[in-house]
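This report concerns only the one structure given below.
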Amino acid sequence: MAEVKLLGAWGSPFSRRVEMALKLKGVEYEYIEQDLANKSPLLLKYNPIHKKVPVLLHNGKAMAESLVILEYIDETWKSNPILPEDPYDKAMARFWAKFIDEKCMPAIWQIMWSKENEREKAIEEAIQHLKTLENELKDKKFFGGETIGLVDIVANFIGFWLGAAAEATGMELVNKERFPILCKWIDEYVNCSVVKENIPPRDKLIAFLRPRFSASSWKY
Ligand SMILES: N[C@@H](CCC(=O)N[C@@H](CS)C(=O)NCC(=O)O)C(=O)O
């Protein structure tokens with residue numbers, strides 16, 4: 001039987017993406033939790049360039065970067081495809097996954113790390129990107145249509161982590177008034193069994209996030 005191992009971290013949305021894809025496809029794997037404050041020889045050996053989780057090992061071959069790993073999983077295990085078959089639809093799914101990683105997530109992190117006088121600008125920028133994402137969703141149940149696809153998996157940070165961060169910090173970036181469509185998607189999303197199985201315990205995540213941000217500087 002193929003040997004699949006995942007080096008991950010419980011609170012990492014990136015490694016949770018990979019777990020979601022593996023579970024969607026019913027792939028058995030061994031999960032090896034990593035301490036990111038004290039990186040293991042295994043992590044440094046298999047991801048010497050970025051030194052980050054997730055790392056997937058398949059029959060001894062290692063690969064890093066969640067988007068790369070998700071595509072590998074989809075090509076290797078064909079059941080429950082996460083990318084569309086049509087080349088144009090596939091290109092669009094890749095486009096939106098990149099948009100989340102290169103625009104939405106950095107803009108959201110920027111709010112967290114910005115100085116007080118730069119925070120409002122950072123918030124406006126994040127809102128603008130999330131609006132763009134909301135417009136893409138329009139009247140679809142999931143970004144992938146009727147079922148969860150690549151973009152939904154990649155958007156786990158928005159679907160779950162953002163809500164936990166809001167609770168930890170007091171700053172609610174995504175709410176029903178501002179993002180009615182995205183909120184509807186979040187409701188559907190967190191109620192899917194494969195999502196429920198692949199998100200960290202909410203209280204543990206909130207407790208992890210709280211000391212990392214000063215709540216007072218987060219009000220908006
Ligand atoms: N672009 C990477 C990002 C992975 C990433 O940022 N992983 C974080 C955990 S959430 C990490 O391993 N950080 C350790 C470090 O930066 O030293 C991916 O998509 O896999």
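Indexing begins at 1, ligand by ligand and atom by atom, following the structure's order.
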List, by chain and then residue number, the residues other than Y46 in its hydrophobic cluster (Ile/Leu/Val/Met/Phe/Trp/Tyr, side-chain heavy atoms under 4.5 Å); write none if there are no others. L7, I32, L36, L42, L43, V53, V55, L57

Is atom NZ of K131 surrounded by more than 12 heavy atoms (other residues, nucleotides or ligands) closer than 6.0 Å?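 Yes - once you tally the heavy atoms of other residues, nucleotides and ligands closer than 6.0 Å, there are more than 12.
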
Return yes when atom NZ of K23 has more than 12 non-hydrogen atoms of other residues, nucleotides or ligands closer than 6.0 Å, and no otherwise. yes

Residues which pass side-chain contact (heavy atoms from CB on, under 4.5 Å) with I199, listed by chain and number, not counting sequence neighbours: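 Here the qualifying residues are F160, W161, V195.
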
Within 45 degrees of the ring normal and closer than 6.0 Å to the centroid, is that where the cationic atom of K141 sits relative to W185? no

Mind checking salt bridge (charged side-chain N to carboxylate O under 4.0 Å, His left out) for K140 and listing every partner two or more places apart, or none if nothing turns up? E136

Non-hydrogen atoms closer than 4.0 Å to ligand 1: which protein residues do they belong to? List them by chain and number, please.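 For ligand 1, the residues that come within the 4.0 Å heavy-atom cutoff are S12, F14, L36, K39, K52, V53, P54, E65, S66.
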
